[in-house]
Amino acid sequence: MRLFVSEGTPGSLPVLAAAGRVRGRIELLINTVGPEECVVPFLTRPKVPVLQLDSGNYLFSTTAICRYFFLLSGWEQDDLTNQWLEWEATELQPALSAALYYLVVQGKKGEDILGPLRKALTHIDQSLSHQNCPFLAGETESLADIVLWGALYPLLQDPAYLPEELGALRSWFQTLSTQEPCQRAVETVLKQQGVLALRSYLQKQPQAHPSEGKVVSNEPEEEELATLSEEEIAMAVTAWEKGLGSLPSLRPQQNPVLPVAGERNVLITSALPYVNNVPHLGNIIGCVLSADVFARYSRLRQWNTLYLCGTDEYGTATETKAMEEGLTPREICDKYHRIHADIYHWFNISFDIFGRTTTPQQTKITQDIFQRLLTRGFVVQDTVEQLRCEHCARFLADRFVEGVCPFCGYEEARGDQCDKCGKLINAIELKKPQCKVCRSCPVVKSSKHLFLDLPKLENRLEDWLGKTLPGSDWTPNARFIIRSWLRDGLKPRCITRDLKWGTPVPLEGFEDKVFYVWFDATIGYLSITANYTEQWERWWKNPEQVDLYQFMAKDNVPFHGLVFPCSALGAEDNYTLVKHLIATEYLNYEDGKFSKSRGVGVFGDMAQNTGIPADIWRFYLLYIRPEGQDSAFSWTDMLLKNNSELLNNLGNFVNRAGMFVSKFFGGYVPEMVLTPDDQRLLAHITLELQHYHQLLEKVRIRDALRSILTISRHGNQYIQVNEPWKRIKGSEADRQRAGTVTGLAVNIAALLSVMIQPYMPTVSATIQTQLQLPLQVCSVLPIKFLCTLPAGHQIGTVSPLFQKLENDQIESLRQRFGGGQLEESLEFKAKASPKSTVVETVTAGLQQIQVLMDEVTKQGNIVRELKAQKADKNQVAAEVAKLLDLKKQLAVAEGKPLETPKGKKKK
Amino acid sequence: MAAAAELKLLEKSLGLSKENKYSAQGERQIPVLQTNNGPSLTGLTTIATHLVKQANKEYLLGSTAEEKAVVQQWLEYRVTRVDGHSNKEDIHSLLKDLNSYLEDKVYITGNNFTLADILLYYGLHRFIVDLTVQEKEKYLNVSRWFCHIQHYPGIRQQLSSVVFIKNRLYTNSH
């Protein structure tokens with residue numbers, strides 16, 4: 001081992017004395033280093049003596065080094081010794097280092113030195129005399145004696161500082177000083193110069209203060225910021241000073257929203273959810289929520305914006321469901337359309353229109369496009385071999401056939417697409433096909449059908465893509481999917497089905513057939529707009545003036561990027577085609593997939609029952625938006641993001657900024673006199689704001705959210721560094737500074753309230769109410785950071801924005817939505833009816849719950865009666881057991897955590 | 001956290017059922033343990049060490065001479081450096097040092113959980129809860145260690161659980 005010391009280090013005295021007492025031999029190399037040399041790699045400040053052990057570890061505490069030497073000799077420390085050592089470190093050392101500093105460096109003398117120390121010295125003296133022992137911890141010498149002696153020696157060796165009256169201390173000190181190891185340590189360290197030998201070392205030390213050893217601060221490391229040029233700063237300041245004046249005036253609200261020549265006209269669609277599936281979080285983030293953020297952003301930019309969506313209602317699934325529930329397909333659609341609308345309403349989705357596909361307009365437009373395609377020769381007729389289930393007496397829609405994928409051998413491939421390899425399948429190509437309803441093997445029958453001749457349209461499509469893709473904001477996955485389809489070559493796609501619930505095919509011989517959703521669902525966007533305004537064609541047949549943004553999950557890319565454009569190009573009617581196709585990847589749930597059939601995951605209608613506000617859901621879903629790669633919803637992560645980013649970062653900042661205005665300035669924004677630091681902050685915020693704009697213009701929604709959080713972090717740091725709560729109590733200049741900091745901070749909060757509007761509209765509105773932000777400021781997001789709350793502006797009442805999410809709460813939600821207990825009954829249901837959806841199981845669940853509740857009540861009465869009759873104990877116990885079992889079943893059915901069945905609980 | 005409250009936590013985590021009585025001494029409220037047999041004990045680390053022995057869990061004080069010295073060194077560090085320094089800069093320089101110390105260690109002594117981990121955890125808790133996400137990321141090793149200790153069975157008890165984020169947020173800050 002290696003001991004590092006410096007010339008004149010006081011700590012060397014006890015260390016050398018302890019080393020000298022070690023029983024047996026130790027290899028101790030002594031290195032003398034400069035007093036400012038950092039020997040210990042992990043300590044910022046130089047420290048000696050230090051003992052480097054053979055293991056490589058360091059002992060940097062004088063006492064620990066001494067202790068180590070003692071332990072090597074087998075001497076353990078008892079409580080009393082430890083108590084002395086702790087006292088030495090916490091009480092004696094601070095006083096002693098200060099005294100030595102005064103004496104050696106500052107040349108003070110007498111009572112100046114002794115005064116602050118007297119208490120400690122008296123304490124030692126009294127302890128020694130009370131115990132009536134020669135040593136601190138008893139009859140024999142201990143580690144405590146060596147450490148305290150070593151600490152005191154430089155001072156007490158001068159008799160002037162060893163008062164006569166402290167006899168016990170004197171005698172203890174002299175006993176130790178005459179011991180050989182101690183004498184040798186003294187010779188080595190003090191070199192017969194007395195306390196002056198410590199001078200060169202102590203001079204290099206920061207001045208010690210008795211009882212509060214202040215440490216020289218290390219510069220706090222700041223987040224690395226972009227370097228700003230003087231021009232950038234000057235421009236930011238100019239923009240800031242212009243303030244409200246430079247905001248564009250508000251566009252008048254128009255109804256209906258229609259494209260305006262010479263303006264930017266943004267048409268936004270979100271993939272149409274299938275009507276009788278309750279959307280899960282993945283669906284919500286993939287389409288409606290992502291599109292909503294962009295629509296809100298687009299409106300904040302004062303772009304002329306129309307955002308539409310609706311339920312996709314035609315198809316077999318609806319028909320079958322209607323049969324099951326004894327309703328007409330129309331009634332089923334009405335029912336579920338409302339469920340969808342309610343969910344999106346709860347999530348605060350700002351549709352201009354939320355329509356549906358089962359309207360006369362849909363029929364009119366679909367048939368028109370079809371006729372145009374037909375006359376232009378893009379529709380061909382063919383006879384199709386189709387699977388028919390004789391048992392169910394009907395042709396099987398693709399989704400009602402399951403079998404082995406002909407491409408990859410996946411066992412549970414659907415009739416239209418394989419979930420594993422993603423390839424599209426012709427149902428009759430499936431190996432070992434099975435009717436999903438009755439599990440019998442369907443037979444192949446022929447039926448006449450119409451096909452969209454995609455190969456004939458391929459050239460037009462390629463031309464269009466060649467013009468559209470460069471410079472557009474198609475997501476890479478969408479480009480990739482389209483490219484691979486084109487590479488494989490397009491094939492004619494069947495656009496009719498043997499169904500009733502659909503858009504009728506206007507062609508002789510096809511009266512009992514309807515259009516397949518592939519063909520007509522995307523036309524839904526047009527018909528929904530047509531139901532909104534008669535002038536729908538100004539949006540949909542206006543490619544020059546309208547920028548069409550379409551949002552979807554990646555499985556929908558072929559319909560929007562390929563099939564519909566082909567139909568539209570073939571129809572030759574100047575349709576507006578997608579300019580920016582925004583496709584997300586998949587969102588997983590915890591470690592797996594959302595699964596309706598297994599009840600795993602959170603579905604739209606359940607989110608509102610969690611007690612977590614919609615804005616928090618929005619924030620978290622957008623924070624983990626599967627942008628560029630799959631992501632996963634995790635309860636724990638949601639808690640973390642809420643507590644760290646919303647509560648501690650954003651919420652904390654906005655709240656503090658507002659509170660300072662209320663508390664220190666009576667609710668009026670104070671005068672701001674910007675320092676160069678403040679100006680730099682303005683420039684940084686402007687820079688981050690521009691970054692936010694760049695990202696959102698490219699529909700990088702998740703990344704832009706990070707910019708918001710960065711600004712709020714800047715704001716928090718700004719407040720933290722400038723401490724307005726302290727300055728407000730200071731001088732006139734300090735108070736003015738507090739005003740500037742508060743004013744700038746509350747303006748940052750105002751900016752943030754607008755920036756978060758696309759993400760968290762309710763929180764945004766709350767902040768804006770709290771700050772009494774003028775309407776114009778709330779409705780427009782400028783490119784530069786402006787002073788929107790000038791001095792004298794009166795704000796409203798400020799209150800916290802976010803609530804902490806607790807572990808228990810999140811844990812119980814995780815259990816509730818984990819599937820698990822529900823799995824069994826749901827799988828059973830799935831077998832009985834393949835179209836079972838969550839809604840269905842929830843309603844079924846409710847019936848079950850009701851039954852169980854009744855039974856619990858009944859059984860409860862039985863138990864009570866038996867108890868009242870003072871019946872046989874065993875009999876009572878048996879009935880109680882039944883009751884508990886019923887309660888347990890009920891808890892499972894309700895998805896509640898099980899209560900411990902321990903009978904009475906105290907409240 | 002008052003020293004007496006901390007010692008109560010320690011008693012519980014050590015599984016000591018007998019409740020000791022504590023009083024506080026002086027301006028800095030140094031804890032004093034009143035014992036039935038023998039004199040009282042003064043000082044947090046002294047009492048803590050005593051409690052560990054009382055619980056027959058001497059392994060928590062280290063098993064080799066080196067470990068024992070390291071444990072006591074960090075206990076001293078706890079009462080001299082961590083306590084009484086509410087000054088933010090001090091705390092940050094302390095966290096910086098501790099962070100680089102913990103770079104290659106699971107526990108304070110390296111591989112074994114000891115009293116030093118417990119008392120440093122208790123002592124640092126009030127500072128760590130106030131750290132921003134960014135700071136926690138900056139003191140990554142401290143965060144890792146702290147998170148580890150707070151999940152150590154029986155240690156945290158009613159202290160609030162500090163949240164650490166698994167994914168780094170600030171790697172490409174600009």
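Here is how names work: the chains are called A, B, and so on, in the same order as the sequence lines, proteins then strands, and each is numbered from 1. For clarity, every value in this text was computed on a predicted model and none was experimentally measured. Any value given below was found using the heavy atoms of this structure, including those in side chains, with hydrogens, waters and symmetry copies removed.
Heavy-atom distances place the backbone of A:Asp78, and not its side chain, under 4.5 Å from chain B. With a threshold of 4.5 angstrom between heavy atoms, B:Leu44 approaches chain A through its backbone and through its side chain. Heavy atoms closer than 4.5 Å to chain A are found in the backbone of B:Phe164, but not in its side chain. In this structure, no portion of B:Thr64 lies under 4.5 Å from any heavy atom of chain A. Looking at A:Leu639, only its side chain comes within 4.5 Å of chain B, counting heavy atoms on both sides. For A:Tyr58, the part lying near chain B is the backbone, with the side chain staying farther off; criterion is any non-hydrogen pair under 4.5 Å. Contact of B:Glu76 with chain A is made through the side chain alone, with heavy-atom distances under 4.5 Å. Heavy atoms of A:Leu53 lying under 4.5 Å from chain B belong exclusively to its side chain. In this structure, the portion of A:Gln77 lying under 4.5 Å from any heavy atom of chain B is its backbone and not its side chain. Using a 4.5 Å cut-off between heavy atoms, A:Gln720 contacts chain B through its side chain alone, with no backbone atom that close. Within the 4.5 angstrom heavy-atom criterion, atoms from both the backbone and the side chain of B:Thr45 approach chain A.
Residue B:Asp104 qualifies as enclosed at atom CG: its count of foreign heavy atoms under 6.0 Å is above 12. Environment of NZ in B:Lys12: sparse, with no more than 12 heavy atoms of neighbouring residues, nucleotides or ligands closer than 6.0 Å.
Remark: B:Arg144 does not engage B:Glu103 in a salt bridge, criterion side-chain N to carboxylate O under 4.0 Å. Electrostatic pairing of A:Lys119 and A:Glu91 does not count as a salt bridge here, judged by no charged N lying under 4.0 Å from a carboxylate O. Between A:Lys641 and A:Asp637, at least one side-chain nitrogen of the basic residue sits less than 4.0 Å from a carboxylate oxygen of the acidic one, meeting the salt-bridge criterion. With respect to B:Glu6 and B:Arg78, a salt bridge is recorded, a charged nitrogen being found less than 4.0 Å from a carboxylate O.
Aromatic ring centroids of B:Tyr107 and B:His148 lie under 6.0 Å apart.
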If you apply the rule ring-ring contact (aromatic ring centres under 6.0 Å, His included), what do you find for B:Tyr101 with B:Trp74, and how did you get there? CA-CA 11 Å; B:Tyr101 176 71; B:Trp74 287 97; 4.5 Å; yes
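Cation-pi geometry between A:Arg706 and A:Tyr623 is satisfied (NZ or CZ under 6.0 Å from the ring centre, within 45° of the ring normal).
Among A:Thr62, A:Leu72, A:Leu59, A:Asn648, the residue making the largest number of heavy-atom pairs under 4.5 Å with chain B is A:Leu59. Of the residues considered (A:Gly74, A:Ser55, A:Ser61), A:Ser61 shows the highest number of contacts with chain B, using heavy-atom pairs under 4.5 Å. Ranking B:Lys136, B:Gln72, B:Lys105, B:Lys53 against chain A, the residue ahead of the rest is B:Gln72, based on heavy-atom pairs under 4.5 Å. If you tally non-hydrogen atom pairs under 4.5 Å between each of A:Glu76, A:Glu86, A:Arg67 and chain B, the highest count goes to A:Glu86.
Using the six-membered ring where Trp is involved, B:Tyr121 and B:Phe146 have ring planes that are tilted, between 30° and 60° apart.
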